[in-house]
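Structure first, then comments.
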Amino acid sequence: MRIYVFMLLLCLSGVRSVDAIAVADLVVAESSPTQVTAYADFDWDFVYNYKGSSAVAVDDYWLITAAHVADDGGSGALTIHGEVYTQMQRVYHPTADLALVRYDKALPGFYPRATQTPLGSEVVLVGFGRAGDVVSTRFQAYFTETETTHSTKRWGTNRIDQNVTYNTTLPIVATSQGFQISISRDRSNENPTDYEAGCNVYDSGCGLFLNEGGVWKLAGHMIVREGTSATEFINNGAVSLAFYSNWIDDVLTNTDSDEDGLPDHFEASYGGGSDMTASEDWDGDGQSNLQEWLADTIPTDGASVFELLSDSTPSVLHFSSSASREYQVQFRTNLVSGSWIETNAWSLGDAGSSIRSGATNDSIRFNRMGVRIP
Ligand SMILES: [Ca+2]
Ligand SMILES: [Ca+2]
Ligand SMILES: [Ca+2]
């Protein structure tokens with residue numbers, strides 16, 4: 001059964017032209033790690049400098065990153081090719097240093113997730129952090145940073161050494177199933193290479209990619225560094241996404257365990273650990289928690305609500321909207337008899353607000369705006 005939310009308004013006569021809201025073309029290639037020809041095809045548009053660290057797209061609307069990055073301060077807004085993307089929602093894994101972050105409109109794209117992380121595989125670390133040097137000695141290789149700022153776009157290869165369980169403490173005491181990657185693939189190599197990489201603070205959330213048969217796949221994200229001193233880091237530790245694939249899929253497909261219409265991730269993000277009742281209106285904005293989900297508004301923010309905006313007219317309906325929801329104007333001439341008539345086809349809204357034409361003629365008509373999940 002498909003559920004809709006409607007808002008109702010009285011519509012009088014008057015016709016006005018409607019300007020379409022342009023949608024920018026987002027799929028424009030940025031610079032790629034062309035230092036090594038084998039990685040020239042890697043698309044940096046799928047990796048983001050998020051809250052000073054990194055995050056990677058796993059879906060049209062979702063990024064994955066470390067929980068201890070997602071809980072950092074700041075809005076989480078991204079600017080991609082000059083266009084601002086607004087963070088809508090964060091979902092923390094209950095036990096792992098893993099978070100999914102949802103945005104208000106479709107991201108440029110994403111790579112598929114790897115289903116396994118075989119030991120010995122080469123993995124490419126891609127993200128933003130502090131620039132540094134890989135130093136190889138006769139006995140070990142390590143990474144040492146060369147800058148005190150961060151958010152430098154960088155990448156390099158590592159090798160998956162072993163499966164490891166990592167314990168971190170932010171924002172929760174997390175025990176993450178992951179893998180350890182080493183900086184040097186050949187400890188007998190005494191020469192620094194320009195295509196290997198280490199990690200340091202602000203590298204968390206960096207994506208780790210495997211190339212399987214020519215296809216880039218996201219295998220995990222960085223959460224820890226391991227060193228023999230405060231400046232020499234010999235290994236990097238990652239969350240293995242293959243281990244958490246069921247949880248990620250549940251979020252991306254809006255799994256609803258208690259079948260009340262609210263996805264598990266929505267209840268987890270806003271419920272604060274308590275059961276989120278679909279019929280309640282937690283923020284007092286007149287729309288229930290279920291209606292907030294259906295309209296892609298925030299159930300704990302009274303200012304985030306599906307509504308007509310002040311410059312609406314009887315024929316030009318300007319309303320708050322989501323780029324992941326569809327909208328339609330319907331009308332009728334009599335609220336007692338007859339039925340609602342579709343004015344136009346259901347179509348995706350724009351992030352923030354949208355405009356649709358209302359039905360008008362010389363007599364009084366009633367318009368209503370519907371929103372639904374595509
Ligand atoms: Ca539910
Ligand atoms: Ca509400
Ligand atoms: Ca609200």
Side-chain angles (χ1 to χ4, degrees), residues 1-9 58-62 64 67 70 74-77 84-96 98-105 172 244-312 317-328 348-356 368-374:
M1 181 182 70
R2 200 162 212 173
I3 306 172
Y4 308 89
V5 175
F6 292 101
M7 67 169 91
L8 181 66
L9 69 151
V58 289
D59 178 78
D60 286 334
Y61 294 93
W62 292 90
I64 205 160
S75 68
V84 176
Y85 285 63
T86 301
Q87 173 181 287
M88 293 293 291
Q89 186 186 347
R90 286 169 293 177
V91 189
Y92 296 103
H93 188 276
T95 60
L98 169 63
L100 287 160
V101 185
R102 187 165 65 91
Y103 279 83
D104 66 336
K105 52 195 163 188
I172 55 175
Y244 298 103
S245 60
N246 288 343
W247 179 79
I248 296 168
D249 288 340
D250 282 348
V251 172
L252 300 186
T253 60
N254 300 324
T255 293
D256 176 15
S257 297
D258 60 3
E259 299 182 332
D260 65 352
L262 298 176
D264 292 354
H265 67 74
F266 194 79
E267 299 197 43
S269 286
Y270 299 114
S274 59
D275 183 42
M276 190 171 205
T277 307
S279 60
E280 290 183 352
D281 176 10
W282 280 10
D283 56 9
D285 62 4
Q287 295 183 353
S288 70
N289 296 333
L290 177 60
Q291 288 174 319
E292 301 252 19
W293 161 246
L294 295 173
D296 194 20
T297 54
I298 298 172
T300 53
D301 177 1
S304 173
V305 65
F306 177 45
E307 62 183 351
L308 283 175
L309 301 176
S310 60
D311 58 342
S312 291
L317 307 180
H318 187 199
F319 56 98
S320 59
S321 64
S322 162
S324 61
R325 296 293 185 267
E326 291 181 331
Y327 299 87
Q328 183 186 60
L348 283 173
D350 298 305
S353 69
S354 299
I355 291 173
R356 296 286 188 277
R368 72 177 182 180
M369 178 70 68
V371 57
R372 70 181 187 186
I373 298 172

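When a ligand or atom number is given, it counts from 1 through the structure's own listing order. Only a predicted model underlies this, so the values are computations on that prediction, with no experimental measurement involved. What's counted below: heavy atoms across the whole structure, side chains too, no hydrogens, waters or symmetry copies.
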Could you pull out the atom name of the N/O/S atom in D301 that is nearest the Ca ion (ligand 3)?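 Output for this pair reads O.
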Return the orientation label for the F319 and Y327 ring planes: parallel under 30°, perpendicular over 60°, tilted otherwise.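 F319 vs Y327 ring planes: tilted.
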Donor-acceptor pair, distance only, cut-off 3.5 Å: does the side chain of [X] make one with the backbone of [Y]?
X    : Y    : value
R90  : A70  : yes
T297 : F306 : no
D281 : D285 : yes

Please tell me whether [X] and [Y] have a donor and an acceptor in their side chains that are separated by less than 3.5 angstrom.
X    : Y    : answer
H265 : N254 : yes
S269 : Q89  : yes
S322 : S324 : yes

Give the minimum heavy-atom separation between H318 and S353, together with the two atoms involved.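 Taking every non-hydrogen atom into account, NE2-OG, 2.9 Å.
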NZ or CZ of K105 within 45° of Y85 ring axis and under 6.0 Å: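 The answer is yes; both the distance and angle limits are met.
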Check for me whether R102 meets the cation-pi criterion with W293, that is, NZ or CZ under 6.0 Å from the six-membered ring centre and within 45 degrees of the ring axis.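 Ring-cation test returns no.
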Looking at the Ca ion (ligand 3), is one of the N, O or S atoms of S304 less than 3.0 Å from it?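 It does: S304 brings an N, O or S atom closer than 3.0 Å to the Ca ion (ligand 3).
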What protein N/O/S atoms are found closer than 3.0 Å to the Ca ion (ligand 1)?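 The answer is D256 OD1, D258 OD1, D260 OD1, L262 O, E267 OE2.
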Distance below 3.0 Å from the Ca ion (ligand 2): protein N/O/S atoms: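 Under 3.0 Å from the Ca ion (ligand 2) - ignoring waters, which are not counted - the protein N, O or S atoms are D281 OD1, D283 OD1, D285 OD1, Q287 O, E292 OE2.
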